[in-house]
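As structure tokens, the structure follows; a few thoughts come after it.
Letters go in sequence order (proteins before strands), and every chain restarts at 1.
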Number of protein chains: 2
Amino acid sequence: MVESPSRKPETAQSLVRLDDVDRRILRELQRDAGQSLEEIARAVGSSKTPVWNRIRKMRDAGIVGKQTVILDAEALGFEACFFVLVRTSEHEAAWQADFLEAVRERPEVQEAHRLAGDIDYILKVRVKNARAYDAFYQALISQVKVHNVTALLSMEEIKATTALPV
Amino acid sequence: MVESPSRKPETAQSLVRLDDVDRRILRELQRDAGQSLEEIARAVGSSKTPVWNRIRKMRDAGIVGKQTVILDAEALGFEACFFVLVRTSEHEAAWQADFLEAVRERPEVQEAHRLAGDIDYILKVRVKNARAYDAFYQALISQVKVHNVTALLSMEEIKATTALPV
DNA sequence: GCTGAAACCTTCGGGAA
DNA sequence: TTCCCGAAGGTTTCAGC
């Protein structure tokens, strides 16, 4: 795939209009970012230069972000996955900033969302085992004050994709 | 990055022991899979050939999976994200298979886990807007019988990574 | 916009230290 | 093991359509 020579995503709020070919390129990149330009070009029915220019434009617009590799969590010993529902009684900016920092600096938190409704946050936490989850939980509650925490334990990951249906 | 020339991940249940260098390579690959072998080698303090052999071994063992690209969901108009908590009264194999298929074939479902406890499943659903979520919801409940569905609406994604803390 | 081709890098594998 | 080299094949640019 095309290299990523430290181009800064500028506006991110792209005014770039995507056509059908752009979307097909995005589908190919999501499916396998390790393909050669030539393979992508063939798959989308174009040739290397135009595909290269389109990818560059979408990268500059911030639509195409970083290239990564999906690792097998189980094979690496991350055998437990929890969804953690957090309720807080604090709603000040300072508390929010603390919570945000706590979540961002803990590598076991793979996702975190602030929610509407009576549950304030949801976290997705991947750890080696239940003991490691407890260590995470203890660290979190000692760092920020939370009102109520519910952990949902995953028994089986039945689907996992980062792909958007573009 | 190193190409992925259709090598089948064999056992997946790797008996491959990873050392420190392997783990550093995985960290680099997760950070940016678009780097050249040479950059990775420099980052982990080795040289190209051994790094290439280690990546190949980890790919063959199924530890390193597919290479993909992270797209900016907002820039592409996916402005709503829901976590959907599903309870069912059915627990037969046939129902499970139906639910699994429904979830796997719907591209708006990015993640799905079967849970322990009184909530049976959690889904992460990314859609363009609330109306699109409703369309998804209607389609789902008409396809499989569910007892209770609660949707948690994300207001803000405060963290998102696919990286494991290897 | 697209194409084709030239210039330049990288990868991947062999052979030698 | 690691290093070095070279062929093969990739990416990026550019002139011409």
In this structure, how many angstroms lie between the P atom of D/dC4 and the NZ atom of B/Lys48, rounded? 10 Å
Linking I/L/V/M/F/W/Y whenever any side-chain heavy atoms sit under 4.5 Å apart, do B/Phe83 and B/Tyr121 land together? no
Between A/Glu39 (CD) and D/dG10 (C1'), how many Å, whole number? 11 Å
Rounded to whole Å, how long is the line connecting atom CD of B/Gln35 with atom P of C/dC9? 19 Å
Between B/Arg24 and B/Asp20, does the salt bridge (charged side-chain N to carboxylate O under 4.0 Å, His left out) criterion hold? Intermediate values first, please. CA-CA 6 Å; B/Arg24 282 212 289 275; B/Asp20 218 56; 2.9 Å; yes
Among the nucleotides D/dT2, D/dT13, C/dC2, whichever has the atom closest to the side chain of A/Thr49 is D/dT13
N/O (side chain, B/Arg54) to phosphate O (OP1/OP2, D/dT2) under 4.0 Å: no
From the list C/dT11, D/dG10, D/dT12, which nucleotide is the closest neighbour of the side chain of A/Ser36? D/dG10
Check every strand shown and say whether A/Pro50 touches a base, only sugar-phosphate, or nothing at a heavy-atom separation below 4.0 Å. base
Only one of A/Glu108, A/Glu111, A/Gln110 forms a side-chain hydrogen bond (donor to acceptor under 3.5 Å, both in side chains) with A/Arg126, so which one is it? A/Gln110
Name the closest nucleotide to the A/Lys57 side chain, picking from C/dT10, D/dG10, C/dG1. C/dG1
I need the CG-P distance between A/Asn53 and C/dT3, as an integer number of Å. 12 Å
What integer distance in Å separates A/Arg56:CZ from C/dG1:P? 12 Å
Salt-bridge present (B/Glu39, B/Arg42; N to O < 4.0 Å): no
Separation of atom CD1 in A/Ile25 from atom C1' in C/dG1, rounded to whole Å: 13 Å
Rounded interatomic separation in angstrom, taking CG from B/Leu37 and P from D/dG10: 15 Å
Interatomic distance where CD belongs to A/Glu38 and P belongs to D/dT12 [whole Å]: 14 Å
Is there a side-chain contact between B/Ser47 and the phosphate of D/dC3, meaning an N or O under 4.0 Å from OP1 or OP2? yes
Enter the distance from A/Arg114:CZ to B/Ser154:OG here, rounded to the nearest 0.5 Å. 8.0 Å
Between A/Trp52 and D/dT11, is there a contact of a side-chain N or O with OP1 or OP2 at under 4.0 Å? no
Nearest to the side chain of A/Ser46, heavy atoms from C-beta on, is which of C/dT11, D/dT12, C/dT3? C/dT3
